Amino acid sequence: MSARQTDITWKAEPHTIAKIKVLEAYLVAYFQILGTSKSNQTLLYVDGFAGPDEYKNFPHGSPSAALSAAREALHNSQDRWVAGKLHCAFIESIPKRFENMVRKIEPFHQISGLCIHTYNTDFVNGLAKLRSDVPAPFAKADPLFVFIDPFGATGAPFDTVRDLLTSDCSEILINLDADGIGRIFQAKESANHDTLLTAIYGDRAWTSWFDKTEPFPLLCRRALRLYTEKLKSIADVRYVFAFEMQSSSGALNYFLVFASKHPLGLVKMKEAMKRIDQDGSYRFSDADVSQPSLLRFDDPAPYARELHKQFEGRSVNYESLDNEITNYALNDTPFRNAKQMLVILEKQGLIQVKTENVKRRKGTFKEGDVRAVEFLRVTQAFQF
Ligand SMILES: C[S@@+](CC[C@H](N)C(=O)[O-])C[C@H]1O[C@@H](n2cnc3c(N)ncnc32)[C@H](O)[C@@H]1O
């Protein structure tokens with residue numbers, strides 16, 4: 001259910017609650033890893049569309065979820081915490097929702113090591129104010145994570161998103177309303193489509209991207225694809241993954257798009273997604289494959305075939321952690337690495353593993369053990 005402008009709170013659908021839980025699970029790992037890895041760096045988390053922090057049927061929203069994650073990470077890390085202060089900022093444009101949120105998060109102000117900032121304004125202006133209050137993460141290598149969760153397709157111009165992702169250690173999670181983008185495209189001038197789509201994508205590439213004869217569901221996927229392409233075109237943003245949220249009827253679709261410069265970010269986001277039970281009233285699917293399939297974290301076989309197709313006939317380096325095979329697994333499959341898929345391929349005799357370790361057992365892909373993987377050409381149909 002979507003809220004009317006006048007509602008302070010509204011009812012959360014199961015997928016909304018799942019989104020909040022995913023965010024919290026991810027942030028515990030994020031704060032903990034970054035809080036214990038590099039001394040004195042400032043950590044900044046931003047919720048750009050914070051909402052009232054309360055639903056009619058659920059006690060909290062994304063602000064308390066993030067602050068609970070911060071509290072847990074600080075508590076778990078204790079003496080190992082070497083970073084500087086952990087800053088959490090919340091931007092909400094509607095005054096009554098803002099006031100509700102400020103009241104709800106009040107108890108978290110007591111946590112030592114945590115600085116809370118709130119802005120009753122829109123996303124773009126809130127970020128500008130925050131940038132002058134906590135400048136380091138916007139300019140240097142200090143970590144910045146921005147959660148962008150608007151209603152509908154507008155409110156987060158791509159120029160702003162690009163700007164956030166130029167800093168060295170920044171990541172975003174955006175709720176992309178691809179249906180909304182599709183509707184704006186179809187409504188043309190009556191929706192002021194030229195201005196809105198140019199703001200959403202940051203330029204006019206969309207004019208030659210969409211095909212107006214295409215059925216609406218394909219149009220929406222195309223809208224998503226252009227968005228992920230745009231994210232990948234930002235320097236060093238090499239890890240972009242779209243999780244599709246569907247209702248059990250398949251009616252609902254919006255995408256949680258994650259973008260990062262570091263593989264560990266995407267590994268941890270996939271772990272957070274995996275941890276959240278899908279209860280039947282919603283499901284995540286992997287939006288990056290052209291045939292939408294349910295995200296089966298437990299079934300590597302179909303992805304093994306795709307992995308083989310991708311590299312067939314090539315010998316691919318597997319020495320460094322940042323290798324082509326692992327990056328393919330991260331960006332184009334639901335898995336965190338390629339190991340399960342490689343096990344299947346080796347069993348089927350479809351790859352040859354190059355190793356200097358004479359004791360290596362077939363089906364093991366320990367880091368440092370495997371020098372390269374040769375993907376043999378297939379002469380018959382796959383046997384799995
Ligand atoms: C989908 S809700 C946010 C839900 C919240 N992130 C959660 O998970 O609990 C979007 C919120 O953004 C607010 N909003 C709308 N336009 C905005 C803008 N341009 N800048 C900041 N907030 C905005 C709305 O009032 C609404 O409360």
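Here, residue 1 is the first one in the sequence, and each next residue gets the next number. All of these numbers come straight from a predicted model, not from anything done at the bench. Any value given below was found using the heavy atoms of this structure, including those in side chains, with hydrogens, waters and symmetry copies removed. Counting starts at 1 for both ligands and their atoms, in listed order.
The heavy-atom pair separating Lys261 from Ser167 by the smallest distance is NZ-O, 2.9 Å. The two residues Ala156 and Val161 come nearest to each other via the heavy atoms O-CG2, 4.2 Å.
A cation-pi arrangement is absent between Lys309 and Phe311, since the terminal nitrogen or guanidinium carbon is not both under 6.0 Å from the aromatic centre and inside a 45° cone about the axis.
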Under the criterion salt bridge (Lys or Arg N to Asp or Glu O under 4.0 Å), I'd like the reasoning laid out for Arg221 against Glu244: C-alpha separation, chi angles, the key distance, then a yes or no.
CA-CA 10 Å; Arg221 269 175 190 277; Glu244 180 173 8; 2.4 Å; yes

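Screening Arg238, Glu171, Lys268 against Ser260 for a side chain to side chain donor-acceptor pair (under 3.5 Å) leaves a single residue, Glu171.
Between Tyr26 and Phe258, the distance from one ring center to the other falls under 6.0 angstrom.
Near ligand 1, Trp10, Ile20, Gly48, Phe49, Ala50, Gly51, Tyr55, Gly61, Ser62, Glu92, Ser93, Ile94, Arg97, Thr121, Asp122, Phe123, Phe147, Asp149, Phe151 each place a heavy atom less than 4.0 angstrom from the ligand.
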